[in-house]
Q: 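Encoded as structure tokens, here's the structure I'll be asking about.
When a residue number appears, it is its place in the shown sequence, counting from 1.
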Amino acid sequence: MDLYKVGMRVEVVGHSEGFWNSYYGAKVLRVDRTKLRVRYEELVDEDYGEYTVEDVDLKHIRPHPPESFDINYRLTVGDDVEVRDRDGWWRGEVVFDDLDDELMVYFSYMAGDDEEEFGTFPYDDVRIHQEVKQVGKGFEWSHVKVAGPK
């Protein structure tokens, strides 16, 4: 278990209903063989008014992604992205990029729910989605490009 260390920034991958395709920033407090104890960076326990602490299975953890995949890359229609909203990052697809300082994003996993499946967000609240894989004792990130608008 050399991959994660106490103090490391990670993201908890949403794994319960209503949180699919979401990522929440956290800091590692304790490392066990199959779990990490984390303190969320933005989720507050309403009963105690403190940041939520939780034990999370390793399968629901990823390292915090790099701040920028490629500084010269401009988000465009068809990009698989993550949008900052509701204290986390939510995965979607850019469907319209001809707005002044905003992108329109489609959230396919919300289709049919009571929540809206489209949203418009400022560029500063959108990041490219990156897949991560373990390589030796580290991680490698890669950009995902989807086929484009349906």
Side-chain angles (χ1 to χ4, degrees), residues 1-29 31 35-44 51-150:
M1 175 44 73
D2 294 332
L3 293 175
Y4 297 102
K5 301 191 181 321
V6 171
M8 181 179 184
R9 287 183 74 203
V10 295
E11 288 188 342
V12 178
V13 180
H15 54 278
S16 58
E17 190 171 340
F19 294 94
W20 306 122
N21 286 311
S22 64
Y23 305 90
Y24 291 86
K27 185 177 241 181
V28 176
L29 301 178
V31 178
K35 294 183 177 188
L36 298 180
R37 175 163 287 170
V38 300
R39 178 183 298 117
Y40 289 95
E41 295 175 347
E42 296 187 38
L43 293 178
V44 175
Y51 291 107
T52 302
V53 173
E54 181 178 38
D55 291 329
V56 181
D57 288 338
L58 287 175
K59 66 183 176 184
H60 300 301
I61 298 283
R62 72 177 188 178
H64 192 276
E67 293 300 322
S68 176
F69 182 76
D70 179 351
I71 199 73
N72 296 315
Y73 187 82
R74 177 163 167 77
L75 295 170
T76 187
V77 171
D79 279 335
D80 194 1
V81 295
E82 296 166 11
V83 175
R84 177 179 285 287
D85 193 36
R86 295 176 282 165
D87 297 325
W89 292 90
W90 296 78
R91 190 170 174 185
E93 176 188 344
V94 175
V95 292
F96 191 71
D97 64 354
D98 199 23
L99 304 169
D100 288 335
D101 295 321
E102 297 180 319
L103 296 166
M104 182 176 285
V105 177
Y106 174 66
F107 303 97
S108 61
Y109 56 90
M110 289 184 181
D113 289 349
D114 290 337
E115 299 183 51
E116 290 192 25
E117 56 194 67
F118 289 91
T120 304
F121 302 92
Y123 276 92
D124 290 346
D125 288 341
V126 181
R127 67 184 185 192
I128 196 75
H129 173 73
Q130 298 176 63
E131 293 291 331
V132 62
K133 66 180 179 179
Q134 181 181 342
V135 178
K137 292 187 176 188
F139 299 100
E140 182 177 286
W141 293 89
S142 61
H143 166 217
V144 177
K145 177 78 171 178
V146 295
K150 312 310 184 252

Q: Would a 4.5 Å heavy-atom cut-off, applied to side chains only, mark Val95 and Val77 as touching?
A: no
Q: Has the side chain of Trp90 got a donor or acceptor atom that lies under 3.5 Å from a matching backbone atom of Asp85?
A: yes
Q: With the side chain counted from C-beta on, respond yes when Val105 and Val81 share a heavy-atom pair under 4.5 Å apart, and no when they do not.
A: yes
Q: Regarding Arg84 and Glu42, does a basic nitrogen lie under 4.0 Å from an acidic carboxylate oxygen?
A: yes
Q: My understanding is that only residues two or more places apart in sequence, or in another chain, count here; which of them pass side chain to side chain donor-acceptor pair (under 3.5 Å) with Asp57?
A: none
Q: In terms of relative ring orientation, are Phe107 and Phe121 parallel, tilted or perpendicular, with 30° and 60° separating the classes?
A: perpendicular
Q: Please give me the minimum heavy-atom distance between Tyr4 and Pro63, naming the atom from each residue.
A: OH-CD, 3.7 Å
Q: Dump the intermediate steps for side-chain contact (heavy atoms from CB on, under 4.5 Å) on Lys133 and Val135, then the final yes or no.
A: CA-CA 6 Å; Lys133 66 180 179 179; Val135 178; 4.2 Å; yes
Q: Give the intermediate values and the outcome of side-chain contact (heavy atoms from CB on, under 4.5 Å) for residues Val38 and Val12.
A: CA-CA 9 Å; Val38 300; Val12 178; 4.1 Å; yes
Q: Answer whether the closest heavy-atom distance between the side chains of Asp80 and Glu93 falls below 4.5 Å.
A: no
Q: By side chain to side chain donor-acceptor pair (under 3.5 Å), which residues pair with Tyr123, not counting sequence neighbours?
A: Arg74
Q: For a quick test of reading the model, state the closest non-hydrogen atom pair linking Ile61 to Val56 and the distance between them.
A: CD1-CG1, 3.8 Å
Q: Given side chains that start at C-beta, do those of Leu3 and Phe139 come closer than 4.5 Å, heavy atoms only?
A: yes
Q: Quick one, Met8 and Val6 - any side-chain contact, counting heavy atoms below 4.5 Å?
A: no
Q: Please identify each residue that fulfils ring pair (Phe, Tyr, Trp, His ring centres under 6.0 Å) with His60, with sequence neighbours left out.
A: His15
Q: Could Glu11 and Lys27 be called an ion pair, given the rule that one side-chain N must be under 4.0 Å from one carboxylate O?
A: no
Q: By side chain to side chain donor-acceptor pair (under 3.5 Å), which residues pair with Arg39, not counting sequence neighbours?
A: none
Q: Would you compute the distance between atom CH2 of Trp89 and atom OH of Tyr24 and round it to the nearest 0.5 angstrom?
A: 12.5 Å
Q: Could you check whether any side-chain heavy atom of Pro65 comes within less than 4.5 Å of a side-chain heavy atom of Trp141, counting everything from C-beta outward?
A: yes
Q: Closest approach of Val10 and Val28, non-hydrogen atoms and distance?
A: CG1-CG2, 3.7 Å
Q: Can you see which heavy atom on Thr120 is nearest to which on Met104, and at what distance?
A: OG1-CE, 3.9 Å
Q: Write down the atom of Asp97, the atom of Leu75, and the distance for their closest heavy-atom approach.
A: OD2-O, 4.0 Å
Q: Would you please classify the geometry between the Phe118 ring and the Tyr106 ring as parallel, tilted or perpendicular, with 30° and 60° separating the classes?
A: tilted
Q: I'd like to know if the side chain of Asp79 and the backbone of Thr76 have a donor-acceptor N/O pair within less than 3.5 Å.
A: yes
Q: If you compare all heavy atoms of Lys35 against all heavy atoms of Leu58, which two are closest, and at what distance to 0.1 Å?
A: N-CG, 4.0 Å
Q: Decide yes or no for Glu41 and Tyr51: does some side-chain heavy atom of the first lie under 4.5 Å from some side-chain heavy atom of the second?
A: no
Q: Checking Phe96 now: which residues fulfil ring pair (Phe, Tyr, Trp, His ring centres under 6.0 Å) with it, not counting sequence neighbours?
A: none
Q: Are the side chain of Gln134 and the backbone N or O of Gly136 linked by a donor-acceptor pair below 3.5 Å?
A: yes
Q: Look at the side chain of Thr52 and the backbone N and O of Leu43, then say whether any donor-acceptor pair between them is shorter than 3.5 Å.
A: yes
Q: Does the side chain of His129 come within less than 4.5 Å of Tyr23's, by heavy atoms?
A: yes
Q: Pair Asp55, Arg37 - check salt bridge (charged side-chain N to carboxylate O under 4.0 Å, His left out), show working.
A: CA-CA 4 Å; Asp55 291 329; Arg37 175 163 287 170; 2.8 Å; yes
Q: Can you sort out the partners of Asp87 under side chain to side chain donor-acceptor pair (under 3.5 Å), two or more places apart, ordered by chain and number?
A: none
